[in-house]
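Some notes on the structure that comes next.
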Amino acid sequence: MSSYVKRQRTLVLFGFLTLLVIIWEYFVGLVTIDTTFTKIVECSAGILLIYAPEILNHFFRLKFANFVVYFFWIFIFLAIFLGTCLHFMTFIPLWDKLLHLVSPMILTAIGYGILSEFLKGQNITAISPWLFLIFGFSFAGICGVFLGILGMELGYAFRYESTTL
């Protein structure tokens with residue numbers, strides 16, 4: 001078994017353990033049913049997002065380098081499992097700022113992966129480095145705006161305070 005699959009399975013296992021903690025918090029009486037439902041949806045989405053690179057590769061033939069996938073998994077681990085589900089955003093004051101620092105880096109790396117897929121077979125030395133810089137910056141900015149709007153809308157939908165904006 002490759003190290004990629006081992007890391008993926010370990011993260012999925014941690015996701016399921018986090019799901020059990022969420023359910024335990026409800027039965028002990030620490031949280032309400034609304035909060036529990038929201039966190040179960042978020043944790044389940046986080047477990048599914050671990051497989052997003054394989055899904056993108058299968059349907060769109062987008063293959064990301066392993067380090068980009070690992071960086072994405074670290075962000076899922078920090079944001080969803082630790083930050084929201086295990087209350088790190090409540091206990092650690094600057095946790096949200098850390099996530100806002102890491103998020104554009106991941107989006108830029110994903111943008112570079114997409115751009116390199118579009119430029120396959122091209123002479124890479126003839127392409128200006130400014131293309132990569134502008135595309136990475138623009139891709140991260142546009143995705144950040146869309147994710148911010150999505151987070152705000154989901155916050156309203158679940159009547160849950162949004163920390164995106």
> Under the 3.5 angstrom rule, does the side chain of Ser44 hit a backbone N or O of Ile40 as a donor-acceptor pair?
Replying inline: yes
>> If you apply the rule side-chain contact (heavy atoms from CB on, under 4.5 Å), what do you find for Leu11 with Phe81, and how did you get there?
In response: CA-CA 10 Å; Leu11 193 56; Phe81 299 138; 4.2 Å; yes
> In this structure, are over 12 heavy atoms from other groups packed under 6.0 Å from Phe75 atom CZ?
Replying inline: yes
> Side chain of Thr36, backbone of Thr32: donor and acceptor closer than 3.5 Å?
Replying inline: yes
> Once you round to the nearest 0.5 Å, how far does CG of Leu115 lie from OG of Ser138?
Replying inline: 11.0 Å
> Which atom pair, heavy atoms only, marks the closest approach of Trp95 to Gly83?
Replying inline: NE1-CA, 3.3 Å
> Quick one: OH on Tyr51 to CG on Leu48, what's the gap to the nearest 0.5 Å?
Replying inline: 9.0 Å
>> Would you compute the distance between atom CD of Gln8 and atom CD of Glu54 and round it to the nearest 0.5 angstrom?
In response: 4.5 Å
> Looking only at heavy atoms, what is the nearest atom pair of Phe139 and Gly111, with distance?
Replying inline: CD2-CA, 3.5 Å
>> Can you confirm whether Met89 sits close enough to Leu99 that some side-chain heavy atom of one is under 4.5 Å from a side-chain heavy atom of the other?
In response: yes
> Hey, mind stepping through Phe71 and Val102 against side-chain contact (heavy atoms from CB on, under 4.5 Å) and telling me if it holds?
Replying inline: CA-CA 9 Å; Phe71 207 27; Val102 174; 4.1 Å; yes
> Hey, what do you get for CD1 (Ile50) to CZ (Arg7), rounding to the nearest 0.5 Å?
Replying inline: 14.0 Å
>> Can you give me the closest heavy-atom contact between Gly15 and Ile47, atom names plus distance?
In response: C-CD1, 3.6 Å
>> Any non-hydrogen side-chain atom of Phe60 less than 4.5 Å from a side-chain atom of Ile55?
In response: no
> Got a second to check how far Ile22's CD1 is from Leu17's CG, nearest 0.5 Å?
Replying inline: 11.0 Å
>> Minimum heavy-atom separation for Thr125 and Asn123, please, with both atom names.
In response: OG1-OD1, 2.7 Å
> In terms of heavy-atom contacts, does CZ of Phe16 have more than 12 from other residues, nucleotides or ligands at under 6.0 Å?
Replying inline: no
>> Apply side-chain contact (heavy atoms from CB on, under 4.5 Å) to residues Arg61 and Leu56 and explain how you reach the verdict.
In response: CA-CA 7 Å; Arg61 303 284 184 238; Leu56 288 173; over 6 Å; no
> Which other residues end up in the same hydrophobic cluster as Phe146, if Ile, Leu, Val, Met, Phe, Trp and Tyr are linked when side-chain heavy atoms come under 4.5 Å apart?
Replying inline: Ile142
>> According to a hydrophobic-cluster definition based on side-chain heavy atoms being under 4.5 Å apart (Ile, Leu, Val, Met, Phe, Trp, Tyr only), do Trp130 and Phe118 belong together?
In response: yes
> Which atoms form the tightest heavy-atom contact between Ile76 and Gly46, and what is the distance?
Replying inline: CG2-O, 3.8 Å
>> Assess the residue pair Phe64 and Ser116 against the criterion (side-chain contact (heavy atoms from CB on, under 4.5 Å)); give the C-alpha distance rounded to whole Å, side-chain angles, the decisive distance to 0.1 Å, and a yes or no.
In response: CA-CA 10 Å; Phe64 297 104; Ser116 66; over 6 Å; no
>> Nearest 0.5 angstrom please: Leu82 CG to Ile92 CD1, how far?
In response: 8.5 Å
> If two hydrophobic side chains count as joined below 4.5 Å and joins carry through other members, does Phe88 share a cluster with Leu94?
Replying inline: no
>> For Tyr4, I'd like to know if atom OH has over 12 heavy atoms of other residues, nucleotides or ligands within 6.0 Å.
In response: yes
> Should Leu133 and Ile106 be regarded as members of a common hydrophobic cluster, given that ILVMFWY residues are connected when their side-chain heavy atoms come within less than 4.5 Å of each other, either directly or indirectly?
Replying inline: yes
> Honestly curious: do Val31 and Ile33 fall in one hydrophobic cluster under the side-chain, below-4.5 Å linking rule?
Replying inline: yes
> Does Met1 belong to the same Ile/Leu/Val/Met/Phe/Trp/Tyr cluster as Leu13, with side-chain heavy atoms less than 4.5 Å apart forming each link?
Replying inline: no
> Of all heavy-atom pairs between Cys43 and Ile80, which one has the smallest distance, and what is that distance?
Replying inline: CA-CG2, 4.2 Å
>> By the definition ring-ring contact (aromatic ring centres under 6.0 Å, His included), identify the one residue from Phe67, Phe72, Trp73 that meets it with Tyr70.
In response: Trp73
